[in-house]
Asks: 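Next up is a structure, given as structure tokens.
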There are 2 protein chains.
Amino acid sequence: MRLLGQEDKETLAMALDHSGQRATPQRETVFGVLLDQRDHPTADEVYARTKSRMPTISMATVYNCLETLVSSGLVKQVNIEREPTRYCPNLAPHAHFHCRDTGRVYDVPVPEGMMKDLAKVLPGEYSADSVELVFRGHLAKEKTK
Amino acid sequence: MRLLGQEDKETLAMALDHSGQRATPQRETVFGVLLDQRDHPTADEVYARTKSRMPTISMATVYNCLETLVSSGLVKQVNIEREPTRYCPNLAPHAHFHCRDTGRVYDVPVPEGMMKDLAKVLPGEYSADSVELVFRGHLAKEKTK
DNA sequence: ATTTGACTTAGAATTATTCTAATTCAGTAT
DNA sequence: ATACTGAATTAGAATAATTCTAAGTCAAAT
Ligand SMILES: [Mn+2]
Ligand SMILES: [Mn+2]
Ligand SMILES: [Zn+2]
Ligand SMILES: [Zn+2]
């Protein structure tokens with residue numbers, strides 16, 4: 001467990017302020033949880049991890065904080081097939097890989113500009129502001145843990 | 001409303017048989033509903049449309065039929081952001097466009113082989129058996145109905 | 001110090017989907 | 001033809017992630 005660094009705290013404060021919201025201990029802790037372990041946790045998992053750092057936090061607050069972070073643009077929601085929503089603090093354009101064996105979700109870096117280029121397949125009348133690319137399959141040798 | 005053509009019925013029977021399941025009036029009707037109006041309906045919508053052709057069908061059966069069709073490979077599920085699952089009988093590799101204004105989902109044809117090529121961004125240890133590409137944004141002039 | 005509105009919280013409500021258990025049905029065996 | 005068997009259908013209950021509600025807490029601003 002590592003607390004939010006000064007830099008991350010700045011980023012958070014800026015982004016929250018920019019979207020008219022306040023920095024709070026709960027929001028900082030939840031954000032720290034996401035930055036600390038980038039395995040695309042669900043709200044439940046975020047709750048468990050946050051609770052170990054801030055035992056009084058509630059599930060409702062975790063949902064509220066996650067929503068706040070998403071609306072401020074610092075965190076992205078990742079939805080995979082009806083499963084509980086996962087949360088990803090990786091702001092770089094990237095794809096996701098969903099392992100059918102373990103259910104884990106991995107970030108997949110993509111070449112600079114590729115995500116944007118994908119939108120070129122769209123006919124003229126469509127204008128996309130987000131592009132989502134998800135692979136599903138298996139890992140050769142599963143990362144243990 | 002148009003009933004299942006002989007050709008579609010064959011396709012259905014083959015695919016069901018291949019996955020060890022039977023062709024039934026309910027399954028044929030649900031499949032027909034999907035083929036008839038390719039707007040990625042939700043289970044609720046499929047239920048309403050099917051009910052008008054077969055008033056005695058139940059919601060449970062619609063879910064069962066949809067699951068059967070998916071498991072037989074004739075229909076794909078399309079999940080967009082926590083919304084109810086949608087169903088798509090378009091078997092060609094294609095992308096989806098989700099309109100933020102109307103919530104409607106459109107098929108987007110992609111160049112031959114492109115979906116497969118996307119998997120080339122994956123590091124060696126990943127092996128993908130499915131690739132999903134979803135755009136989100138707006139349509140210049142919304143298709144009226 | 002008071003006020004104000006944002007934030008947090010526990011628990012209730014919602015809702016798409018899945019499950020359960022009881023029929024109905026179609027095909028096969030007798 | 002009749003009986004048997006497992007698959008398919010059905011109504012309704014159960015589930016579970018998320019959202020909502022309403023009451024309390026808190027911190028900045030007056
Ligand atoms: Mn795996
Ligand atoms: Mn639109
Ligand atoms: Zn990610
Ligand atoms: Zn489609």
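Each chain gets a letter, A, B and so on, in the order its sequence line appears, and its residues count up from 1.
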Asks: OP1 or OP2 of dT8(C) versus the side-chain N and O atoms of Thr24(A): is any pair under 4.0 Å?
Replies: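 Yes, Thr24(A) has a side-chain N/O under 4.0 Å of OP1/OP2 on dT8(C).
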Asks: Is Arg27(A) close enough to dT8(C) that one of its side-chain N or O atoms is under 4.0 Å from OP1 or OP2 there?
Replies: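 Arg27(A) to dT8(C) OP1/OP2: side-chain N or O found under 4.0 Å.
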Asks: When you match Pro84(B) and Thr56(A) each to their closest nucleotide on DNA chain C, which lands nearer the 5' end?
Replies: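 Of the two residues, Thr56(A) wins.
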Asks: Within a strict 4.5 Å, meaning less than it, do heavy atoms of the His94(A) and Val108(A) side chains meet?
Replies: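 The answer is no, as the side chains (C-beta and beyond) never meet within the 4.5 Å cut-off.
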Asks: Atom CE of Met59(A) and atom P of dT21(D): how far apart are they, to the nearest Å?
Replies: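 Taking atom P of dT21(D) as the reference, CE of Met59(A) is at 19 Å.
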Asks: Contact class for Thr61(A) (heavy atom, under 4.0 Å): base, sugar-phosphate, or nothing?
Replies: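 Base, at least one base atom sits under 4.0 Å.
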Asks: Within the 4.5 Å heavy-atom criterion, are Val75(B) and Val30(B) side-chain neighbours or not?
Replies: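 Contact flag for Val75(B)/Val30(B) side chains = no.
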Asks: Please give, in whole Å, the distance from dT15(C) C1' to Tyr47(B) OH?
Replies: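 Taking OH of Tyr47(B) and C1' of dT15(C), I get 16 Å after rounding.
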Asks: Under 4.0 angstrom, heavy atoms only, what part of the nucleic acid is Gln26(B) near: base, sugar-phosphate, or nothing?
Replies: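 Since only primed, P, OP1 and OP2 atoms lie under 4.0 Å of Gln26(B), the category is sugar-phosphate.
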Asks: Would you mind reading off the distance between Asn64(B) atom CG and dG12(D) atom P, rounded to a whole angstrom?
Replies: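 From Asn64(B) CG to dG12(D) P: 16 Å.
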Asks: Calculate the interatomic distance between Leu12(A) atom CG and dC7(C) atom C1'; express it in whole Å.
Replies: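 Result: 14 Å.
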Asks: Which nucleotide sits closest to the side chain of Gln21(A): dT17(C), dC20(D), dC7(C)?
Replies: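 My answer, after comparing the listed nucleotides, is dC7(C).
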Asks: Look up atom CG in Asp8(B) and atom CG in Leu35(B), then write down how far apart they are to the nearest 0.5 Å.
Replies: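 That separation rounds to 5.0 Å.
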Asks: Measure from the side-chain heavy atoms of Asp44(B) and tell me the nearest of dT10(D), dT8(C), dA16(C).
Replies: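 So the nucleotide nearest the side chain must be dA16(C).
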Asks: Going 5' to 3' along nucleotides 23-30 of chain D, which nucleotides have protein heavy atoms under 4.0 Å from the base (write B), which only from the sugar-phosphate (write S), and which from neither (write -)?
Replies: --------
Asks: Mind calculating the distance between OH (Tyr63(A)) and C1' (dA16(D)) to the nearest angstrom?
Replies: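 Rounded to whole Å, this separation is 9 Å.
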Asks: Which whole-number value in Å describes the distance from Asp17(A) CG to dC7(C) P?
Replies: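 Result: 11 Å.
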Asks: So, taking the atom named OG in Ser72(B) and the one named CE in Met14(B), what distance separates them when rounded to the nearest 0.5 Å?
Replies: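 Atom-to-atom, Ser72(B):OG and Met14(B):CE are 12.0 Å apart.
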Asks: Can you see if the side chain of Arg82(A) gets near the phosphate of dA16(C) - specifically, an N or O under 4.0 Å from OP1 or OP2?
Replies: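 Answer is no, no contact under 4.0 Å.
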Asks: Within a strict 4.5 Å, meaning less than it, do heavy atoms of the Leu118(B) and Leu133(A) side chains meet?
Replies: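 In contact.
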Asks: Whether Asp129(A) and Arg100(B) form a salt bridge (side-chain N of Lys/Arg under 4.0 Å from carboxylate O of Asp/Glu) is what I want to check.
Replies: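 Yes, Arg100(B) and Asp129(A) are salt-bridged.
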Asks: Would you sort out whether Leu91(A) and Lys76(A) count as a side-chain contact (heavy atoms from CB on, under 4.5 Å), showing the intermediate values?
Replies: CA-CA 8 Å; Leu91(A) 297 183; Lys76(A) 296 270 179 291; 4.1 Å; yes
Asks: Would you kindly give the CD-to-C1' distance between Glu81(B) and dA17(D), to the nearest whole Å?
Replies: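 The distance from CD of Glu81(B) to C1' of dA17(D) comes to 16 Å, rounded to the nearest Å.
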Asks: With a 4.0 Å limit, can you tell me whether Thr85(A) has a side-chain N or O closer than that to the phosphate oxygens OP1/OP2 of dT18(D)?
Replies: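 So the side chain of Thr85(A) is within the cut-off, an N or O lying under 4.0 Å from OP1 or OP2 of dT18(D).
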Asks: From CD of Glu67(A) over to P of dC20(D), roughly how many Å is that when rounded to an integer?
Replies: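 My rounded result for the distance is 10 Å.
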